[in-house]
There are 2 protein chains.
Amino acid sequence: MTSSSIDTLLDQHEQPHTDDLIEWLRIASISSDPDANEQTHQAGRWVADRLQAAGLKVEWIETDGHPLVYAETPAVPGAPVALVYGHYDVQPVEPLDQWITPPFEPAIRDGNLYARGATDDKGQVLTHVQAVIRLLETGQPLPLQIKFMIEGEEEVGSENLERRLPELAQKLACDVVVISDSSQFAKNQPAITYGLRGIATFELTVTGPRQDLHSGSFGGAVKNPGIALCQLIASIIDADGRIQLPGFYDDVLPLSDEERAQFAALPYSDEAFAESIGVDALAGETGYTSLERKWARPTFEVNGLTCGHQGAGVKTIVPAVASAKLSCRLVPNQDPEKIAQALEQHIAQHCPVGVKASVERDHGAPGMVANFNSPFVAAAKQAIADAFGTEPVMIREGGSIPIVQKFQETLGADCLLLGWGLNDDNAHSPNEKFCLADYHRGIKASAYLWQQIAAMNQDA
Amino acid sequence: MTSSSIDTLLDQHEQPHTDDLIEWLRIASISSDPDANEQTHQAGRWVADRLQAAGLKVEWIETDGHPLVYAETPAVPGAPVALVYGHYDVQPVEPLDQWITPPFEPAIRDGNLYARGATDDKGQVLTHVQAVIRLLETGQPLPLQIKFMIEGEEEVGSENLERRLPELAQKLACDVVVISDSSQFAKNQPAITYGLRGIATFELTVTGPRQDLHSGSFGGAVKNPGIALCQLIASIIDADGRIQLPGFYDDVLPLSDEERAQFAALPYSDEAFAESIGVDALAGETGYTSLERKWARPTFEVNGLTCGHQGAGVKTIVPAVASAKLSCRLVPNQDPEKIAQALEQHIAQHCPVGVKASVERDHGAPGMVANFNSPFVAAAKQAIADAFGTEPVMIREGGSIPIVQKFQETLGADCLLLGWGLNDDNAHSPNEKFCLADYHRGIKASAYLWQQIAAMNQDA
């Protein structure tokens, strides 16, 4: 199909495309919440049904957790195979009272669609689904084979997909993996993401007395688990923002001067960034710029703290227990397993007398850097430039898509990370949104991309 | 009345005394919980009704918070006046799932009555109420005047009673204040408490970005309020357990060698203490014994921590806000106002770049030391020895009864702190209890005390 006939076709379908996304977003598929299991599966079923109705061969693959949705168009001998990866699960929604409209009642304001999962990832993965559905509706065969792997556990570590990947490798065999689960560099500045950070998550629990104690009758003679937790966490970061876990930086590859120069050349303002998130001053590891800190340096974060009395008023206790949800973002070449061991070792060495501390590991995934010079990158650049009217810039991203590194390893395919979202889309926060214009441009870019990849093959 | 006729009278009423306490404990008078206001007032009304039915002149004194219950027996010219102080309010009950039986459904197990408020303070203040009711029922006039001031805000700082004290001073005028809101030294070792710690409570709030942020996209370039909170709290206590707030120890009177020797002479075992609270090792300020740490040294405690994701699973955010409920126990001569200023100054000086920290003051009260050589102490020693069959020891207590110091100042009266509870009664914790044998012994000791005080007057 020509670009202009694709344009016409997609422009005519803007409203149904929006309606579809709204329908999917109404399904509260919070993968980390066992009470939401039924809805999580329902969200997977929703996209499986769409793909099936469009004529794709669909498989519903049960796992020990949430099911995998696999679909494929017919094989095209001699043509490339592209695999689209995305996820139908979403993050939790707390704090609920900060949502202007409820997270699972999608609402359009100022051209943005607000709902949990709008950008992460239902809205973004749906661009590829819609493009393929529309192209197939024309009755013409696609110029390449497109496969979909849409999972329901990306927000909880993709462990089941990762475990099943070796046995699924033949089914998923492809030349390129396409993932839209990241952001443009800025409004009207699309980007191709060539690097992601990894992740390691933990829960640290400090236990003291058998039960909460009266802080008057007992306080002073017994170690307070809340204080011990704070001391342990404080011991992990120094005044320069450097992480003190043993060997934490050993495997970190230094940023090259070239990459630092490239980052520095991007149109970026610390002042605008600080204002956008509502802080007076930025902070982080000494010696690095904000972009370097977000994209290419490892971190240690407190994601949550729980201890003692949290209700109204005063309760003067020495609490029995204190716990923290912790996570590290990792950079390529750091091993989540070694980081977990380093945390466990640090906690064991620094645990104050009078309390016990334990680390429970949650999920981990290494970071990745994609092949900058892949011909697929050139194809994507062209498709995006055509759809968005602006050449994309090459960027890294601070987030983690745990499975990407595994795809690279297991499938030996290049990965294209084509983000249609924006950094202020509030992924993982209240009032998550997706710009509807970007949603529709994303659908176009996806349709163009299949043409570009097929053409690339004919050129070769 | 003779001791033996008092004994007989009280022994006959053990069951109704127990039933009365159970009835009072069923009323969930959590003063810090606005949703419990009606029940809190109901608990005040309950004791006011009892006193009125016994023939006392009762006043229900409204305040800006929970009402005060005042009652008095007729004046006895030439005889001393005693004021009994206690409280009908109770602590919150969380964590609810740790209660073996629900906090407001009193249950008897192994001779102990389990319920929130059993020992703190309904069970203890009721000993004096029951003693006076029984003595009045004999139809004989009391040999002294007894007044009651039973308030509903002790667990939230007694601010309204404190504010009203000057205008109430004439009504409350007395020679001795009797308070049972503390503990015996140990099982079968009754005690008279001559010192209490003061208190100052706070909420520390650290705010960062406008809302929770995706820890991948933003983490590393923005200060994490959860980490900042931990760093601030950790900065307050050093490795020796010394509190680093500016001038914190300036007004602390050193313990005399005599008092330290007295503490050391008490039958006390660190091992037994550690075992009783379920810790492997004790901890606290270097250079002091456990009893010194609990009774006569100031403390800094975390009573609660709240930040970010607290539910099941993982939520990888940089939280927007983190907060801590904090309290200091103070020793006599420390000023809660100066301590609050010291905390505010420390937090302002140590707040990390990129977040804001604020301190909200809650209530404060100084500590106290009572007159060791008062004739009322001698009278109480005799009454307790007669009721418990064991001479009481003289001790201090780590808890705070904020109003005691104010009574000393405003009324110029001696204070007798006669605790019938035990240290393992779980005041402020799940499964609060009161030994019923001690409850009944407390009623006897109270009845004897009025005889002893009246006799003391005749001797003089």
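The structure presented is a predicted model; accordingly, all values stated were derived computationally and were not measured.
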Q | B/Asn431/B/Gln98 under side chain to side chain donor-acceptor pair (under 3.5 Å): CA gap, chis, key distance, verdict | A | CA-CA 8 Å; B/Asn431 305 310; B/Gln98 290 185 21; over 6 Å; no
Q | side-chain contact (heavy atoms from CB on, under 4.5 Å) evaluation trace for A/Ile233 with A/Val302 | A | CA-CA 8 Å; A/Ile233 289 171; A/Val302 165; 3.8 Å; yes
Q: Dump the intermediate steps for side-chain contact (heavy atoms from CB on, under 4.5 Å) on A/Cys230 and B/Leu305, then the final yes or no.
A: CA-CA 10 Å; A/Cys230 291; B/Leu305 297 171; 4.1 Å; yes
(Q) Applying side chain to side chain donor-acceptor pair (under 3.5 Å) to B/Ser327 and B/Asn303, what does each step give before you reach the verdict? (A) CA-CA 7 Å; B/Ser327 59; B/Asn303 307 126; 2.8 Å; yes
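Looking at A/Ser276, only its backbone comes within 4.5 Å of chain B, counting heavy atoms on both sides. Residue A/Thr299 touches chain B through its side chain alone, counting heavy-atom pairs closer than 4.5 Å. For B/Lys315, the parts lying under 4.5 angstrom from a heavy atom of chain A are both the backbone and the side chain. Of the atoms belonging to A/Gln231, heavy atoms from both backbone and side chain fall under 4.5 Å from chain B. Proximity to chain A involves both the backbone and the side chain of B/Phe300, based on heavy atoms less than 4.5 angstrom apart. Interface remark: B/Thr201 contributes side-chain atoms only to the contact with chain A (heavy atom separation under 4.5 Å). Heavy atoms closer than 4.5 Å to chain A are found in both the backbone and the side chain of B/Glu94. In this structure, the portions of A/Thr316 lying under 4.5 Å from any heavy atom of chain B include both its backbone and its side chain. Heavy-atom distances place the side chain of A/Asp362, and not its backbone, under 4.5 Å from chain B. Residue A/Glu432: no heavy atom, backbone or side chain, is found under 4.5 Å from chain B. Heavy atoms closer than 4.5 Å to chain B are found in both the backbone and the side chain of A/Glu301. Within the 4.5 angstrom heavy-atom criterion, atoms from both the backbone and the side chain of A/Gln310 approach chain B. Heavy-atom distances place both the backbone and the side chain of A/Val222 under 4.5 Å from chain B. If you measure heavy-atom distances from B/Val156 to chain A, you find no contacts under 4.5 Å at all. Residue A/Arg297 does not touch chain B at all, counting heavy-atom pairs closer than 4.5 Å.
Counted by atom type alone, A/Thr193 and A/Arg396 present zero donor-acceptor pairs between their side chains at under 3.5 Å. Side-chain N/O atoms of A/Ser215 and B/Arg329 include a donor and acceptor closer than 3.5 Å.
Interface remark: of the candidates A/Asp270, A/Ile199, A/Leu229, A/Asp280, A/Asp280 forms the most heavy-atom pairs closer than 4.5 Å to chain B. Contact tally against chain B (heavy-atom pairs below 4.5 Å) for A/Ala320, A/Ser235, A/Ser182, A/Gly311: the top residue is A/Gly311. For chain B, the option among A/Pro95, A/Gly354, A/Ala274, A/Gly208 with the highest count of heavy-atom pairs below 4.5 Å is A/Gly354. With chain B as partner, the option from A/Gly226, A/Ala283, A/Ala234 having the largest number of non-hydrogen pairs under 4.5 angstrom is A/Ala283. In terms of heavy-atom pairs under 4.5 Å with chain A, the best-connected choice from B/Asn224, B/Val279, B/Asp212 is B/Asn224. When B/Leu232, B/Ile277, B/Val318, B/Val355 are compared by the number of non-hydrogen pairs under 4.5 Å with chain A, B/Ile277 comes out ahead. Each of B/Gly304, B/Ala324, B/Gly308, B/Ala322 has some count of heavy-atom pairs under 4.5 Å with chain A, and the biggest count is that of B/Gly304. For the set A/Gly313, A/Gly157, A/Ser323, the count of heavy-atom pairs under 4.5 angstrom toward chain B peaks at A/Gly313.
Residues A/Ile395 and A/Ser183 approach most closely at CD1-O, 4.0 Å, considering heavy atoms. In this structure, A/Pro352 and A/Lys223 approach most closely via the heavy-atom pair CB-CE, 3.7 Å. Between A/Leu330 and A/Ala365, the shortest heavy-atom distance links the atoms CD1-O, 4.3 Å. In terms of heavy atoms, B/Thr207 sits closest to B/Pro225 at C-CG, 4.3 Å. For A/Val90 against A/Asp120, the heavy-atom pair with the smallest separation is CG1-O, 4.2 Å.
Proximity to chain A among residues 288-295 of chain B is limited to B/Ser290, B/Arg293, B/Lys294, judged by heavy-atom separations below 4.5 angstrom.
How far OG of A/Ser217 is from CG of B/Asp425: 9.5 Å, rounded to the nearest 0.5 Å. Rounded to the nearest 0.5 Å, atoms CD1 (B/Ile236) and SG (B/Cys328) are 8.0 Å apart. Atoms CD and CE, from B/Glu397 and B/Met368 in turn, are 11.5 Å apart once rounded to the nearest 0.5 Å. Distance check, rounded to the nearest 0.5 Å: CD of A/Glu203 to OG1 of A/Thr306 gives 7.5 Å. For the atom pair B/Ile227 CD1 and A/Leu326 CG, the distance stands at 8.5 Å (nearest 0.5 Å). From A/Lys325, atom NZ reaches atom SG of B/Cys307 across 12.0 Å, with rounding to the nearest 0.5 Å.
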